[in-house]
**Student:** 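Starting off with a structure, shown below.
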Amino acid sequence: MIPRRLRCLSIAFTMLGLSAGPAYGQPVPATDPAMSGEELWNLTQSKLFNGEIHRIYIKMNQGAWNQLHDDEKNSGCRKSDDVKWVHARYFAFDDVPMKDIAMKVRGNTSRCIPRLQFSVSFDRTHGVYSRQGNENWHEVPYDDVAKAGIKDRTLYGLTELNLRRSFNDSSSQNDSGNGMLAREYVATWAAAEAEKVARTTVRGAPVYRTAYALVEFQLCASDADNDCSNRFRRAYVVAEALDKSFFRMRYDDKKPTVFAMSHGCALKGDNGFGAACMAPQYVDGKRFDDGDAGQQAQAMNHLTGPAGLRARLEAATTPASIGDVLDLDNLMNYASIVTTVGHWDSAYGNFNNVLLYLDASSNTWKLIVWDMDNTFDYDGRGDPFRRYSYADVANAPRILVDKLLTTPELNSRLKKRLDAFLARVYDDKGAGPISSKIAEGRDRYIAKMNGELAGGELQNLARTREMFDYTRTR
């Protein structure tokens, strides 16, 4: 049975003329592109990351959906940039409908586990492809009217969102849910709590925000809107994109320089400074173009140039000089977070899954937390009985973290920060706010969503026990 809210959305689409291939001028709430970082933060907090279970509706060609499966299954751990943006006819987020959005599968660069995670773009007017049946891919030919309706379109100020599933939720052969979306929800909450111990941003926390969503897919066997009988729902976590708007909201920075630490090799040895391990995302506010030799040189200069990160860190030998290179409060918060929630697949343990951000206002580097789905279960090979340093997980020098651990004054400060963070999220019996948050994820969200999912899509509530056990043991 289709939930009442989704039925209302279908009626809204019909009343707006969207179901029959209408003209443009979608009723998307207007947002001022010149709004401040604070205004954008407040808007997204009230509309997107507000603690509600959101309802998302996506209608697309069956052939395009099949291609998303194939893109993920055949990507071979390549970056998601190597797959095409796929056209979806209609999209609705709660009561906000849109026509002609773009989706692509997100990369799974370390585990290569297919799970149908998506990036969703609201303003993309070129490089969007579709297909039906076994026909060849073709780029969607938006006319000028269509482009005008899509260009600069946002969902409450954001041009992109991510739809994420737990790392062990699904595969392209079997989409039944085994995972626990509460992992990512609780882990990102804990990361935000660290900012209440030591403030490192202008607002918010250096971690992506998350919200629960029931996503209804409707797939069409032909170009006709009434030939779309394949309909099903799945549970997802809506995750904030780490794009320019993220840095505008946290730091009022409109020209960020950002690198993605990935492939299990970021800053690991001499090769860890190359683009394969430290992938540039933005350089002085411009989206990185790997075909631009000048921009490539500029990006690498930030890391390996005479005044780059590597040279500055190697020359820094005192707490004060290290603090001139790294935002120490940010780094200590980060270390406290990842070792507490078991985020071993990170820069702290596995040289992976973090954004490294150069704050031009202070000329210091900060870590932005990402990809916290594989948490609260184990710390890599072994069990929760890992040292706070995670040295046995990394098993290799870590140019950022080792500055904290091998400088006695900084190591002492890190232990005090960890104590303060633990006092905030635990009580003296090993429970407290973090356990309450796990229970909330299970009872308020997962169980409630399970009531609207088919049997093969249910989240496994028993996995919550693993999270409780991990927090007590860790």
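Model, not experiment: these values are computed from the prediction.
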**Student:** First locate atom CG of D94, then atom CG of L48, and finally report the distance between them rounded to the nearest 0.5 Å.
**Tutor:** 8.5 Å
**Student:** Whether the N374 and D345 side chains hold a donor-acceptor pair (N or O, under 3.5 Å, no angle test) is what I'd like checked.
**Tutor:** no
**Student:** Assess the side chains of S119 and N162: does a donor N or O sit below 3.5 Å from an acceptor N or O?
**Tutor:** yes
**Student:** Ring centres under 6.0 Å, that's the criterion: do W65 and F217 meet it?
**Tutor:** yes
**Student:** Can T364 and D327 be counted as having a side-chain donor-acceptor contact under 3.5 angstrom?
**Tutor:**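 Looking only at side-chain atoms, D327 and T364 do not form any donor-acceptor pair under 3.5 Å.
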**Student:** Flag the pair E195 and R424 as a salt bridge only when some basic side-chain nitrogen lies within less than 4.0 angstrom of an acidic carboxylate oxygen.
**Tutor:** no
**Student:** Answer yes if the ring centres of F91 and F122 are under 6.0 angstrom apart, and no otherwise.
**Tutor:**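 Yes; F122 has its ring centre under 6.0 Å from that of F91.
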**Student:** Less than 4.5 Å apart, side chain to side chain, heavy atoms only: is that true for I56 and Y236?
**Tutor:**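 A side-chain contact under 4.5 Å is absent here.
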**Student:** For V86 and M60, run side-chain contact (heavy atoms from CB on, under 4.5 Å): C-alpha distance rounded to whole Å, both residues' side-chain angles, the deciding distance at 0.1 Å, then the answer.
**Tutor:** CA-CA 9 Å; V86 172; M60 65 193 311; 3.7 Å; yes
**Student:** Could you tell me the separation between the CZ atom of R312 and the CH2 atom of W365, rounded to the nearest 0.5 Å?
**Tutor:** 8.5 Å
**Student:** Flag this pair as yes if the NZ/CZ of R55 is under 6.0 angstrom from the six-membered ring centre of F93 and inside a 45 degree cone about the axis; otherwise no.
**Tutor:** no
**Student:** Where the side chain of Y426 meets the backbone of T471, is there a donor-acceptor pair that is under 3.5 Å apart?
**Tutor:** yes
**Student:** Would you check if the distance from the ring center of Y445 to the ring center of Y185 is below 6.0 Å?
**Tutor:**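 Yes, the ring centres sit under 6.0 Å apart.
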**Student:** Mind listing the closest non-hydrogen atom pair of A235 and Q459 along with its distance?
**Tutor:** CB-CG, 4.5 Å
**Student:** Treating T407 as the side-chain partner and E409 as the backbone partner, does any N or O pair qualify as donor plus acceptor under 3.5 Å?
**Tutor:**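 Not at all, since once roles are kept as given, no pair shorter than 3.5 Å links the two residues.
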**Student:** Show your working on side-chain contact (heavy atoms from CB on, under 4.5 Å) between L367 and L355 and close with a plain yes or no.
**Tutor:** CA-CA 6 Å; L367 294 175; L355 292 192; over 6 Å; no
**Student:** Enter the distance from D359:CG to T201:OG1 here, rounded to the nearest 0.5 Å.
**Tutor:**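 That separation rounds to 10.5 Å.
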**Student:** Side chain of Y251, backbone of S361: donor and acceptor closer than 3.5 Å?
**Tutor:**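 Between the backbone of S361 and the side chain of Y251 there is no qualifying donor-acceptor contact (under 3.5 Å).
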**Student:** Please find the pair of heavy atoms, one from I446 and one from A182, that lie closest to each other, and give the distance.
**Tutor:**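 Shortest heavy-atom contact: CD1-N, 4.1 Å.
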**Student:** If you take all heavy atoms of A276 and H263, which pair is closest and at what distance?
**Tutor:** O-ND1, 3.0 Å
**Student:** Is any side-chain heavy atom of M372 less than 4.5 Å from a side-chain heavy atom of R183?
**Tutor:** no
**Student:** Hey, does the side chain of N50 reach the backbone of S46 with a donor-acceptor pair shorter than 3.5 angstrom?
**Tutor:** yes
**Student:** Given the rule in the side-chain contact (heavy atoms from CB on, under 4.5 Å) test, do I434 and W189 qualify, once you have shown the distances and angles that lead to the verdict?
**Tutor:** CA-CA 9 Å; I434 197 166; W189 166 84; 4.0 Å; yes
**Student:** About how many Å separate CG of L414 and OG of S336, when rounded to the nearest 0.5 Å?
**Tutor:** 5.5 Å
**Student:** Is there a side-chain contact between K403 and L331 in this structure, where contact means two heavy atoms from C-beta onward sitting under 4.5 Å apart?
**Tutor:** no
**Student:** Whether the side chain of N301 engages the backbone of A297 through a donor-acceptor N/O pair (distance < 3.5 Å, no angle test) should be reported.
**Tutor:** no
**Student:** Keeping the roles fixed (side chain from T473, backbone from Y470), state whether a donor-acceptor pair exists under 3.5 Å.
**Tutor:** no
**Student:** Any non-hydrogen side-chain atom of Y334 less than 4.5 Å from a side-chain atom of V354?
**Tutor:**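 Touching, per the 4.5 Å side-chain cut-off.
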**Student:** Mind listing the closest non-hydrogen atom pair of V369 and L242 along with its distance?
**Tutor:**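 Nearest pair, atom of V369 first, then L242: O-CD1, 4.2 Å.
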**Student:** Indicate yes or no: does R310 engage D270 in a salt bridge with an N to O separation below 4.0 Å.
**Tutor:** yes
**Student:** What distance separates K244 NZ from T159 OG1, expressed to the nearest 0.5 Å?
**Tutor:**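 One gets 10.0 Å once the value is rounded to the nearest 0.5 Å.
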**Student:** Is a donor on one side and an acceptor on the other found under 3.5 Å between the side chain of R444 and the backbone of G51?
**Tutor:** yes
**Student:** Answer yes or no: is there a side-chain heavy-atom contact under 4.5 Å between D290 and Q296?
**Tutor:**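 Yes. Closest side-chain heavy atoms under 4.5 Å.
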**Student:** Measuring from atom NZ of K366 to atom CG of L328, what distance do you get when rounded to the nearest 0.5 angstrom?
**Tutor:** 10.0 Å
**Student:** Please determine if R164 forms a cation-pi arrangement with W370, meaning its NZ or CZ atom is less than 6.0 Å from the six-membered ring centre and no more than 45° off the ring axis.
**Tutor:**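 Yes - R164 lies over the ring of W370, closer than 6.0 Å to its centre and within 45° of its axis.
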**Student:** Within 45° of the six-membered ring axis of W41 and under 6.0 Å from that ring's centre, is NZ or CZ of R250 located there?
**Tutor:**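 Output no; distance or angle outside limits.
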**Student:** Is the distance between the ring centroids of Y208 and F246 less than 6.0 Å?
**Tutor:**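 Y208 vs F246: aromatic centres not under 6.0 Å.
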**Student:** Run the side-chain contact (heavy atoms from CB on, under 4.5 Å) check on M98 and Y90 step by step: do they pass?
**Tutor:** CA-CA 6 Å; M98 299 183 188; Y90 306 124; over 6 Å; no
**Student:** Are any side-chain N or O atoms of N352 and backbone N or O atoms of G264, one a donor and one an acceptor, separated by less than 3.5 Å?
**Tutor:**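 Yes.
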**Student:** Looking at every non-hydrogen atom in both residues, tell me the closest pair between L40 and S245 and how far apart they are.
**Tutor:**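 Heavy atoms only, the tightest pair is CD2-CB, 3.9 Å.
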**Student:** If every non-hydrogen atom of D252 is compared with every non-hydrogen atom of G37, which pair is closest and at what distance?
**Tutor:** OD1-CA, 3.9 Å
**Student:** Assess whether side-chain hydrogen bond (donor to acceptor under 3.5 Å, both in side chains) is satisfied between D284 and T257, documenting all intermediate values.
**Tutor:** CA-CA 5 Å; D284 295 334; T257 294; 3.3 Å; yes
**Student:** I'd like to know if the side chain of Q281 and the backbone of F259 have a donor-acceptor N/O pair within less than 3.5 Å.
**Tutor:** no
**Student:** Does any non-hydrogen side-chain atom of Y388 lie less than 4.5 Å from one of T340?
**Tutor:** no
**Student:** With a 3.5 Å distance limit and no angle check, can you tell me whether D427 reaches the backbone of G432 through a side-chain donor-acceptor pair?
**Tutor:**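 Yes, D427 side chain to G432 backbone: donor-acceptor pair under 3.5 Å.
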**Student:** Less than 4.5 Å apart, any side-chain heavy atom of M249 and any of E240?
**Tutor:** yes
**Student:** Check E39 with R248, please: is the shortest side-chain N to carboxylate O separation under 4.0 Å?
**Tutor:**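 No, this pair does not count.
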**Student:** Take Y282 and F288 through the test ring pair (Phe, Tyr, Trp, His ring centres under 6.0 Å) and record every step on the way to the result.
**Tutor:** CA-CA 5 Å; Y282 296 95; F288 183 71; 10.0 Å; no
**Student:** Measure the shortest side-chain to side-chain distance between L453 and N450 over non-hydrogen atoms and say whether it is less than 4.5 angstrom.
**Tutor:**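 A side-chain contact exists here, since the closest heavy-atom pair is under 4.5 Å.
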**Student:** Under a 3.5 Å cutoff, is there a donor and acceptor pairing between the side chains of N333 and R417?
**Tutor:** yes
